[in-house]
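Some notes on the structure that comes next.
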Amino acid sequence: MKKTLLALALTASAFAAKAQSAPADSVSAASRKWNIYPVLFYTPETQVGLGVKLIHVRKEEGHAPTDRPTFFSPTLIYTSKKQILTSFAVDVWRDKNKKHLSAQVEYNDYPYFFFGIGNDAPDEAEEPFTSRTVNFYAQFERRIFDKVYLGARYEFKHETIPKVDPQGQLAQRTIIGSEGTTASGFGLVALVDSRDNIYTPTRGNFHQFSTMVFGKYLGGEDNFARYKVDLRKYQSGIGPGVLAMQGLFTFVTGDAPFQFLSPIGGVYVMRGLLEGRFRDEDAAVVQADYRFPIAGRVGGAAFGGAGQVFKRIPDFAFNRFHLTGGGGLRYKLNKEGMVVRGDVAFSEQGMYLYFAFAEAF
């Protein structure tokens, strides 16, 4: 039975803010600020969820206006069905944007849906399962010349699946990952980043190319590889707003668990489809947002996307795209450009509402 995702969120102005200033004769005062945001939402899977998100943004004394801010953000959410979602994210910029470190660790006890593998997986194949997952990633890049960065990335996932549909595909244990998975992978990253703001860009590009190898020799259970191309462009001057465009292409080879197959659907990729609604070895997605001001800190957005999954590149076809679209509101949280957004999206699967503390891309 198709379930429609409903998400409601309540955010407020910061409960507390803390700033530290440098001496008056310094070039730029140090800035350190805590913001605390309550979160309230509802989904059919979790029922009522209540939690809190903290955001700590800082810049060091003597920073230039173009220096990107560092932030730390813990999040804790508990639901009425006794589910837990926790995360701690770090994003650090140093040496006039020459060095960048991002990392996140999270533990989630959360319900998902599995529809099978392939671009034509039917609605009636829907089966719920419960995932208990520890995720970790760390990525470091260094600028080698203007706007071009090279770096490395590590990922780790340990997932158990304590509950599946006894009549579903996962219960048969024939799909890699259906009994849970442990995956550990290392890879290389190259990117071009000319965005004028990392949270709400109005112009510039962000192009990232990554190669990840997961293997038993790194402590995982399966040997596979993932290749990803993420191309984004931001263009102002088109009316009062900003046109954001993304092309995302993912390719997986080897014995990958279904959790690592290329997915479409979710709060960041193809809003309007359940998270991971379609998955296979390869995926191609194009999506666009038009983001515009409304009044003060409030803005709006209209968006659309097209995506498909396929087993091999020759299986790609222009008449096999799934289409999504919708609109939403944004609220600017701080001068750095962080936003909270609420989106309503539509597809052939139905209507979905989303809440997130960042733009989709």
Side-chain angles (χ1 to χ4, degrees), residues 108 110-123 125-137 153 155-161 164-165 168-187 208-216 218 220-230 246-287 305-317 320-322 324 347 349:
N108 296 323
Y110 196 77
Y112 288 97
F113 291 99
F114 181 70
F115 290 84
I117 296 172
N119 197 58
D120 300 315
D123 290 348
E126 176 184 333
E127 58 182 276
F129 70 96
T130 298
S131 167
R132 292 176 182 164
T133 308
V134 175
N135 290 317
F136 172 78
Y137 85 84
R153 181 181 178 93
E155 292 185 21
F156 175 84
K157 175 190 282 287
H158 176 70
E159 179 177 7
T160 60
I161 302 178
V164 298
D165 183 344
Q169 299 178 68
L170 296 179
Q172 300 175 23
R173 307 301 191 192
T174 57
I175 297 173
I176 301 176
S178 59
E179 297 182 86
T181 186
T182 298
S184 178
F186 179 82
Q208 181 169 257
F209 311 86
S210 64
T211 300
M212 293 289 301
V213 177
F214 297 82
K216 297 179 180 179
L218 291 172
E221 296 177 347
D222 301 288
N223 297 317
F224 60 98
R226 185 187 67 220
Y227 310 92
K228 184 178 291 187
V229 179
D230 185 352
Q246 181 186 35
L248 180 63
F249 309 94
T250 311
F251 310 93
V252 175
T253 61
D255 297 323
F258 78 89
Q259 295 92 335
F260 281 87
L261 294 178
S262 304
I264 62 173
V267 68
Y268 298 108
V269 180
M270 295 288 290
R271 286 157 287 175
L273 298 173
L274 279 175
E275 184 171 353
R277 171 60 181 86
F278 299 98
R279 66 182 81 212
D280 209 328
E281 292 186 359
D282 303 335
V285 173
V286 291
Q287 51 187 4
Q308 66 175 282
V309 299
F310 41 96
K311 188 171 182 60
R312 293 288 184 269
I313 292 178
D315 298 327
F316 173 88
R320 300 185 70 225
F321 277 105
H322 301 281
T324 62
S347 72
Q349 308 296 315

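Atom set for the values below is all heavy atoms of this structure, side chains included, hydrogens, waters and symmetry mates excluded.
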If you round to the nearest 0.5 Å, how far is [atom2] of [Y] from [atom1] of [X]?
X	Y	atom1	atom2	value
E221	D255	CD	CG	12.5 Å
F310	D280	CZ	CG	9.0 Å
Q259	I161	CD	CD1	5.0 Å
T324	Q349	OG1	CD	11.0 Å
K216	D222	NZ	CG	6.5 Å
F260	E155	CZ	CD	6.5 Å

Side chains of [X] and [Y], heavy atoms from C-beta outward: is any pair under 4.5 Å?
X	Y	value
N135	E159	no
F251	I313	yes
F224	P257	yes
Q308	F278	no
E281	I117	no
Y137	M212	no
D282	F249	no

Q) Only one of E275, R271, M270 forms a side chain to side chain contact (heavy atoms under 4.5 Å, CB included) with L273, so which one is it? A)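 Output: one option passes, namely M270.
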Heavy-atom closest pair, residues [X] and [Y]:
X	Y	result
V309	A283	CG1-CB, 3.9 Å
F113	R279	O-NH2, 4.3 Å
L261	A256	CD2-CB, 4.2 Å

Q) Less than 6.0 Å separating the ring centroids of F316 and F321? A)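 Centroid separation for F316 and F321: below 6.0 Å.
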Q. Under the criterion ring-ring contact (aromatic ring centres under 6.0 Å, His included), which of Y112, F114, F115 is the partner of F258?
A.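 Between F258 and the candidates, ring-ring contact (aromatic ring centres under 6.0 Å, His included) is satisfied uniquely by F114.
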Q: Could you give me the CA-CA distance, side-chain angles and deciding distance for D123 and R277, then say whether side chain to side chain contact (heavy atoms under 4.5 Å, CB included) is met?
A: CA-CA 9 Å; D123 290 348; R277 171 60 181 86; 2.6 Å; yes
Check: [X] side chain, [Y] main-chain N or O, donor-acceptor pair, under 3.5 Å:
X	Y	answer
T130	P111	no
Q169	I175	no
H322	N119	yes
N108	S131	no

Q: Begin with the C-alpha distance, continue with both residues' side-chain angles, and end with the deciding distance and a verdict on side chain to side chain contact (heavy atoms under 4.5 Å, CB included) for V229 and F209.
A: CA-CA 5 Å; V229 179; F209 311 86; 3.7 Å; yes
